[in-house]
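Notes to accompany the following structure.
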Amino acid sequence: MTLLDVSDIHTAYGISEVLFGVSIRVEDGECVGLLGRNGVGKSTTMRSINGLTPPHKGSVTWRGSEISGQPTYDIARLGIGFVPEDRRVFPELTVWENLDIARRSRGKADEWDEQKVYALFPELETFKERKGGFLSGGQQQMLTIARSLMGNPDILLLDEPSEGLAPLVVDKLRDQIASLKAQGLSIVLAEQNLNFVLELSDRVYVLEKGEVKFEGTPAQIREDPELIKRYLTV
Amino acid sequence: MDKKSLLLTGTVLSLSATAAFAEGDIIKIGALYPTSGPCQLIGEYSLLGTEILAEEINAAGGLNGKQIEVIHRDSKCDPAEATAMARDLIAREEVDFLVGGVSSSVGQAISEVSRQEETIYIAAIPKSTQMTSPENFHKFVFRAAANTNTEGKSAAVIADQLEMNKICTILMDYSYGHSLNEAFTAHIAKIRPEAEIVQQEWPKNGTTDYTAHITNIMAAGCDGVFSGVWAGLFPAFAKQAAPFGFFNQVKYVTAGEVGSPEVAEQMGADMPEGIWANSYEVFYHSAADAHGEFTAKLQEKLGVENTPSWPVVGYVAAQWLTEAIAKAGSSETDAVIAALEGLSIDTPIGPQTMRAEDHQANRGQFWGKMVQSADDSYPYRRMEPVSYVVADELMD
Amino acid sequence: MITQRNLILLGIVGAALLALPLIGSLFAIYLVNEILIFALFALSFNLLLGYGGLISFGHAAYFAIGAYACAVLLTTFGWPFFLAFGAAAVISAVCAAVIGYFCVKLTEIYFSMLTLAFAQLVWAVAFKWIAVTGGDTGFIGVAVPDWLDVPVRFYYFTIVVVALCAWIMWRIVNSAYGFTLVATRENRNRAEFIGVDVKRIQLVAFILAGTFAGVAGSLFTLFNHSVFVESAWWTQSAEVMIMSILGGVGTFLGPALGAATLLILDRFITEWTVYWPTFLAIILLAVLFFFPEGLMGFASKRKKKGE
Amino acid sequence: MLKIENLGMNFSGFQALNGINLELQEGEKHAILGPNGAGKTTFFNCLTGQLYPTDGVTHYKGKKITGLTPSRIVNRGIARSFQRINIYPKLSVFENVQVALIADKKMMFNLFRPGAALFRDETARMLELVNLTDEADETAGLMSYGKQKQLELAIALSSEPDLLLLDEPTAGMSPQETMDSIALIGEIASKRKLTLLFTEHDMEVVFAIADRMSVLHHGELIATGSPDEVRNNEEVRRIYLGEHADDAA
Amino acid sequence: MFDNPMLTFIQLLNGLSLGMSLFVIAAGLTLILGVLRVLNFAHGAFYMLGGYVCFSLVKLLSGVPGGFWLAAIGSAIALAGMAYLIERTMLRHLYERDHLYQLLFTFALVMIIGDLVRFTWGTQVLSVSLPPGFKGAVNLGIAYYPSYRLFLCLMGVIVAVGMWYFVNRTRAGRFVRAARQDREMLESLGINVGRIYMLTFVGGSALAGFGGALAAPAVALSQGMDAEIIVQCFIIVIIGGLGSLGGAFLGALILGLLNSFGVMLVPNFEIVLIYLMMVVVLMIRPWGLLGKPEAQ
């Protein structure tokens, strides 16, 4: 069964329409990339999935059942982890506290705990008593991912994880995400950084003005400079 | 003591009166008492007194052949509201007279309307002397209440009896307190020259914590305290002062109707033993004559043994009007003013006279020492003995 | 926007106001007179709230300052009527300028709280400065000139003053300044980047609102022949805010409608129940949950639907 | 024209900008490049008075502007657009521009001249300039992203700046919109003799407009020069252009 | 004026005990303000209701040992229940709305609760006696001081420490802090923030009720006690810093001490003093003594 099926969703902020019928689908264990420029609706797609900005039309199904319209926290509890852009750690909470509030057992065999998270992101352990607001950008990014993992999600919605990070940090992050994927976690990765996405994803959607303009494999994109120029032009 | 039905009675009363008589056969009295806001309780009971009077007169065939209708508006204890409501009574209900008012500022406000509209106003409760001071006085305003002058001087008389020599005062920091202070200090200096005011405390409007003042007084080393912490505020004050041993250290004389039975009943054991306090009315004063009759009526109306003190105030305030109208044989404003000036009436609490020159009734108050009653049916503190301090000699 | 329909409506209301004394009810004159005064007060408040997006918790202060200034100049100092009346407005404006200078430095809740603090300070001064204000017993016996001391005359005087003030305010909200003020409400940040000194724009709004509140206060003084310290207490500020929201802050005349509604309710509900606050509260909740744009917004929406 | 000396911005421990030196000549069209989060927007905010830089001074036409409020800086002749749409969403398109003109013409404290009647012709001309004539009466917040960006430009131009700062002027636009927009900006800039300082992701846009460019990375300017100089700068190639240009384009 | 150390000492205790009893109430207000961002004008009304409920419960429990203490807890529970109903039926629909509408809503609550109290308990001033064992004074070596006032001091400290522990040392407290910082993010982590809002409102209101119950023996119960307390609580919360618990503690202490020493030192200006202080604090540090400026 398809893990996540987003079908023809239309989403608006107040009166301004942002998504005009976006459809994407994620199979179990898959990493799906969302590409597109600033403001094309990548973040909105993610917010539509996890219910922060519910679509007013269309459907979002999770393992076959409809979830759009449900409150965000219920969607999150189904196993949908969200790592927003701008990181949004709780600045007044320490690293440890940031992790602790996200802790949620979902009855899996091999669940995440602080030790496992620290093993993946060793830097966090060093700073576990430091307040979130005093971490560097890269550390904050790791913390937000680690925080989502504490809820033992089946899928991670990663919004622009590489944004503003130094190349070395980006490389490290890429490896960490790859290792998560290797452990069987499904991922939706929204990015402007083309290579980052192409290296990690199994399939890629290209968004433009609130619509999906292209769906295919990373290889297809690499071979199509016209497509890149038209929609991505990095 | 069901207040809802109380108010309902009032409405029904006025309705039936309206129905039965044509416009010209009715004397309309506008009553302005607060039935909401901070002085609601006083207002409700006073209104009841006014209505009892109207009921009596109507049952006895009316006044000059006319029925009396009492039309009430809620003054909310707020002067601007009282102004609007007084106007409303005059302009919409076309009342011929106004009675009521509780706080001094509301009294002033209604008095101002009565001056503009040339309508007689009997101030039932407002005490501040400012209302009848020369710059504010006008011929349409009359005061049935004791004023701060009498009240402050009465307290000075009591202080003298108690041989207070080093005196502290604690008076509320607004006009009521300031007026009491003037009267008390002037009079105590006159009748007890050896007495000295050693400390004055002025709790501010709206305060609920008096401990700082209590501490200052206790540190000042006085032997007696004159207080204007009136009935509505006194329970809080007493509860805060008692644990300090305050009432054991000083003799305490308080104005502001702290001695009224409803306050004593409500405070129960929290009412300090041995303080001196006043009241407009104490039902246990006597069971004879008019007083007994009135108490009985009130007991029946309210369904309680221990009747409150405020109804008589509303009763008497309206009584001035009705007796003056009867005397004048007319409800013409000028005729009634003429009748009121110098009028003497018999009230449930004794005879009283309205002075012609300043329209001030020679209203005295009951004063007494609050002690635990030996009477089993009344297990609260009460004045023993009760003495009526007459006002005549104390008035300017 | 002035549409023909609104003009006709306004004309009808104006004519009705002018013709009111013909029905010979003193009560109606008093009630409408009071409504007009509070309508002016609410309109002045809406300059801040509706057009400037500034939530003041202390607007009553300027109403009270105008009221006391008028009373004192007229009575204690015996100034000629128009001089005193005008000076009261000027004094309100000056006080609003001084207080506003500090308040507009802050934004949002801090702005609200500072306006509240200053207003309470004004109240405390009025309460304690007995020699001038009469303290808690109020300033009684204002020397209203004889020619004005007739209910119907004063009623027309009020109409003239309120209409004039409302017209000036209408001009102001539609002026270049009014446009700019709305822009600062809509997007303070953007306004700064087109070269608007937002604080000064807001200060001007504060002064204007304070001035017209002062005029309303002066009228109230003349109407009552007295001033009471309660006029400066924070509940009076809350009341004008309730009036404005009740009527609708999104329209120019909404707050005036709110003032009328509140005063009429006050006169009639209090007559048949002592639990009038609950009724008022229920009406507020109804507005809150069902007509968030206030009575005026509700009315205009209905109209649009009908068309 | 604009001289930035040793500009630095520190957010409670985080050094967002560090020792930036830059000079702009009159009429120059200068691009600021850098990955997301490099500090471009902070840089702009420091120049336009929204942030008070912790270090350094900026002179504009020989006068110090550091420490002035945004409105004062605008009055000196520096206007800006924003990366995130920053307009008056509830006002009409026409009013959006009209208010800007009122402010520019120092009419904002005029209490009696009806605002709606002011500068109608100028407003119309400005809307024509950015191709929004047909949308004049629309509610600004309800328009498409690209149109809102155009409006943003019109608002910025209304203050008749000599120096225009554009923060990602074409972000989120379609290629066609982008091309139109570039053409428009170029045209307006030359017509009005504007000095331009802008940030941009789109290299095509950058090379189409800029005479000179600088690369901002982790809050530091690592290179400044002509497009070719910057393109050939080793460090730049390595950390910025290289990564993207080589792999993707 | 400080030449009388005993007087100074007792005034200090007066100020402390007043401040601490105000803190219990203001703490609830600041908690709600910090998390829900709702300026709850009805908090004073909740306090008043707490006092009245305590009065009735004391009557009901007369003869039961520890009756007053049960009544105080009962008041807190009653207020919590009422707050629960208010939040679930009405308030939660207003979180997304303009602050103005929330204000209006709490105004409406003030009116309704005022009437409720009037309808249920009538209008006479009611008095709850000091609880047994607290009627007298304690010998502090240099002076006697009423034991109930000392108890209020202690209670303030207990509530302060308890709340500090809750907010900073428990998981639920971490949720509360996180909700204050970023509601959306917390939702996205699977936490029902609506419930945290509800519980915060319920908890803050329970504190108001508890504060009212504790105050009942120290003051008298009357209509209008809500309006008096709410202004004081606002002042405390503002000078301390909106939403800051430590700030509320400091603010309450300042207000209490200002009251007692103001009466002692500048009796004529005491009424002006607190408003003046509020103005000065807002002008110098608008975000309050212990608050933080809001991020841009």
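Below, read A as the first sequence line, B as the second, and so on, with proteins coming before strands; counting in each chain starts at 1. Values reported hereafter were calculated over all heavy atoms of this structure, with side chains retained and with hydrogens, waters and symmetry mates removed.
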Check: [X] side chain, [Y] main-chain N or O, donor-acceptor pair, under 3.5 Å:
| X | Y | answer |
| --- | --- | --- |
| C:E192 | D:T69 | no |
| C:S175 | D:N110 | yes |
| C:N187 | D:Y88 | no |

Q: List the steps and the verdict of side chain to side chain contact (heavy atoms under 4.5 Å, CB included) for D:I73 and C:F193.
A: CA-CA 8 Å; D:I73 292 178; C:F193 283 101; over 6 Å; no
More than 12 non-hydrogen atoms from neighbouring residues, nucleotides or ligands closer than 6.0 Å to [atom1] on [X], yes or no?
| X | atom1 | answer |
| --- | --- | --- |
| C:R188 | CZ | yes |
| C:F289 | CZ | yes |
| D:K29 | NZ | yes |

Engaged part of [X] at the chain D interface, taking heavy atoms whose separation is under 4.5 Å:
| X | value |
| --- | --- |
| C:V204 | side chain |
| C:L181 | neither |
| C:R185 | neither |
| C:V198 | neither |

Is it the side chain or the backbone of [X] that comes within 4.5 Å of chain C heavy atoms, both, or neither?
| X | result |
| --- | --- |
| D:A79 | neither |
| D:S158 | neither |
| D:L118 | side chain |
| D:P89 | both |
| D:I102 | side chain |

With chain C, which of [options] has the greatest number of heavy-atom pairs at distances under 4.5 Å?
| options | answer |
| --- | --- |
| D:A100, D:A117, D:P70, D:G49 | D:P70 |
| D:E152, D:R113, D:K105 | D:R113 |
| D:L101, D:I87, D:I78 | D:I87 |
| D:N96, D:N86, D:V99 | D:N86 |

Can you tell me how far [atom2] of [Y] sits from [atom1] of [X], rounded to the nearest 0.5 angstrom?
| X | Y | atom1 | atom2 | value |
| --- | --- | --- | --- | --- |
| C:D197 | D:M108 | CG | CE | 7.0 Å |
| C:I168 | D:F112 | CD1 | CZ | 5.5 Å |
| D:N75 | C:I194 | CG | CD1 | 10.0 Å |

Q. What heavy-atom pair brings C:R171 and D:P114 nearest, and what distance separates the two atoms?
A.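 Between these two residues, the closest heavy atoms are NH2-CD, 4.0 Å.
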Q: Specify the closest pair of heavy atoms between C:R190 and D:R80, including all atoms of both residues, with the distance to one decimal.
A: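 Closest heavy-atom pair between C:R190 and D:R80: NH2-O, 3.2 Å.
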Q. Going through the checks in order, is the side chain to side chain contact (heavy atoms under 4.5 Å, CB included) test met by D:L111 and C:L208?
A. CA-CA 10 Å; D:L111 294 173; C:L208 289 168; 3.9 Å; yes
